[in-house]
Number of protein chains: 2
Amino acid sequence: MQESTSPGAGRPRADVTAEVFAATLRSVHEFGYAGATMDRIAVAAGVAKTTLYRRWPSKGALITACLVDAFGPAPLLGEDREAVLTTAIRWGAARIGDPGVGAAFAGVFTDAVSDPALREILTNELQAPYLRVLQDALGESEQRVRFVIDVVMGTLLHRMGISGEPMAEDDVEALIAMVIGVFR
Amino acid sequence: MQESTSPGAGRPRADVTAEVFAATLRSVHEFGYAGATMDRIAVAAGVAKTTLYRRWPSKGALITACLVDAFGPAPLLGEDREAVLTTAIRWGAARIGDPGVGAAFAGVFTDAVSDPALREILTNELQAPYLRVLQDALGESEQRVRFVIDVVMGTLLHRMGISGEPMAEDDVEALIAMVIGVFR
DNA sequence: TAATTATGCTACTGCAAGTAGCGTAATTTA
DNA sequence: TAAATTACGCTACTTGCAGTAGCATAATTA
């Protein structure tokens with residue numbers, strides 16, 4: 001969206017978004033959410049800190065954008081709701097297990113509790129798309145889908161936060177079975 | 001534990017723990033986790049900031065202690081596992097809905113992701129007691145109980161973080177039904 | 001009265017988010 | 001080629017908070 005507000009004058013933006021996102025996840029993975037300072041991310045990405053702020057209004061916004069990129073579109077494969085849920089949950093668990101993603105998610109998430117502006121970014125940019133797509137794929141009410149998202153993401157993040165490790169496979173399968181049970 | 005390392009000499013500690021905890025929750029409720037600075041908490045409690053640090057080693061430790069106090073012992077009432085789970089989950093949801101508690105929990109939780117020392121405090125002081133008691137009351141393996149705690153607390157906190165509001169009653173009941181389904 | 005311990009207070013360090021301003025590089029348009 | 005334009009890197013700065021140091025003082029026991 002809005003890559004060019006002007007027709008075509010001036011120095012073009014350097015194509016460093018991918019490097020910045022990668023550097024962000026690397027920094028979070030290595031130093032934790034709080035330890036991943038904007039200075040560090042900038043250095044790791046080979047970019048000036050001011051450039052980061054020219055593109056993203058805050059650290060929370062940068063990390064959210066990074067998460068949106070890291071998750072991407074959800075794979076909603078399968079013929080029935082059970083299959084769709086199974087693949088989606090496995091996919092979500094795997095993404096949260098990717099280096100830095102879980103910690104980044106948990107961090108931005110909690111910042112959002114105290115920061116309404118960030119909460120709106122998080123809700124609109126990250127959650128809303130999945131909410132809509134899932135609602136459509138499952139044929140369920142918004143309330144029910146919202147509930148499922150809370151259960152799945154909440155559980156995965158809680159495990160990540162308490163143990164510092166992503167959830168093991170057998171527990172993910174238990175989570176899938178439990179959620180499927182709701183829709184039966 | 002260890003309220004008096006010395007027999008009885010010197011000025012006694014002022015009995016301000018209750019005021020500090022109350023001021024902590026008030027501050028978190030009003031300003032959010034990040035906005036609840038140690039200075040603000042101290043002023044709200046009518047205590048010097050240095051006094052806070054004389055009693056709790058860090059902000060995270062203070063908030064965790066505050067949460068331990070706010071939750072207290074879990075009411076494990078009921079004759080069968082379903083009843084126990086139902087009362088326990090309703091109770092947890094209500095506590096998280098108490099002013100400041102949900103935000104404080106979410107905040108300290110995410111700080112813990114980046115801070116192993118705090119994670120240990122959180123795990124030992126807050127989670128471990130409930131884990132033990134629930135394991136005993138439900139007669140289930142540690143893995144299963146841990147899973148249930150992840151599901152319940154994760155879901156409630158995720159809702160709190162995304163919406164800024166505690167989970168509504170009917171969703172809590174859905175959560176209870178879902179968890180009970182696991183044990184059947 | 002002396003020893004002891006906790007408190008309030010002021011001042012400080014360290015660090016990270018976010019900002020301002022400058023000189024300069026890479027484009028488009030005339 | 002020469003403006004005009006826009007993004008960049010860089011340095012330096014402000015602001016705010018966690019956590020610390022040191023001192024005078026209050027409240028207790030021996």
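Every chain is numbered from 1, with letters handed out A, B, ... down the list of sequences.
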Look up atom CG in A/Leu25 and atom CG in A/Asp69, then write down how far apart they are to the nearest 0.5 Å.
-> 8.0 Å
Should the pair A/Phe109 and B/His158 be assigned to parallel (<30°), tilted (30 to 60°) or perpendicular (>60°) ring geometry?
-> parallel
Report yes if the side chains of B/Arg55 and B/Thr51 come closer than 4.5 Å at any heavy-atom pair, otherwise no.
-> yes
Close residues, residues 27-59 of chain B, relative to DNA chain C [heavy-atom separation under 4.0 Å] = B/Gly46, B/Val47, B/Ala48, B/Thr50, B/Thr51, B/Arg54, B/Arg55
With B/Arg81 via side chain to side chain donor-acceptor pair (under 3.5 Å) - residues at least two apart | B/Glu140
From the candidates D/dA27, D/dA7, C/dA6, the one with an atom nearest any side-chain atom of A/Arg13 is D/dA7
Ranking A/Gly10 and B/Gly10 by the position along DNA chain D of their nearest nucleotide, the one closer to 5' is A/Gly10
Which whole-number value in Å describes the distance from B/Arg11 CZ to C/dA6 P?
-> 10 Å
Are the charged groups of B/Glu173 and B/Arg90 less than 4.0 angstrom apart, N to O?
-> yes
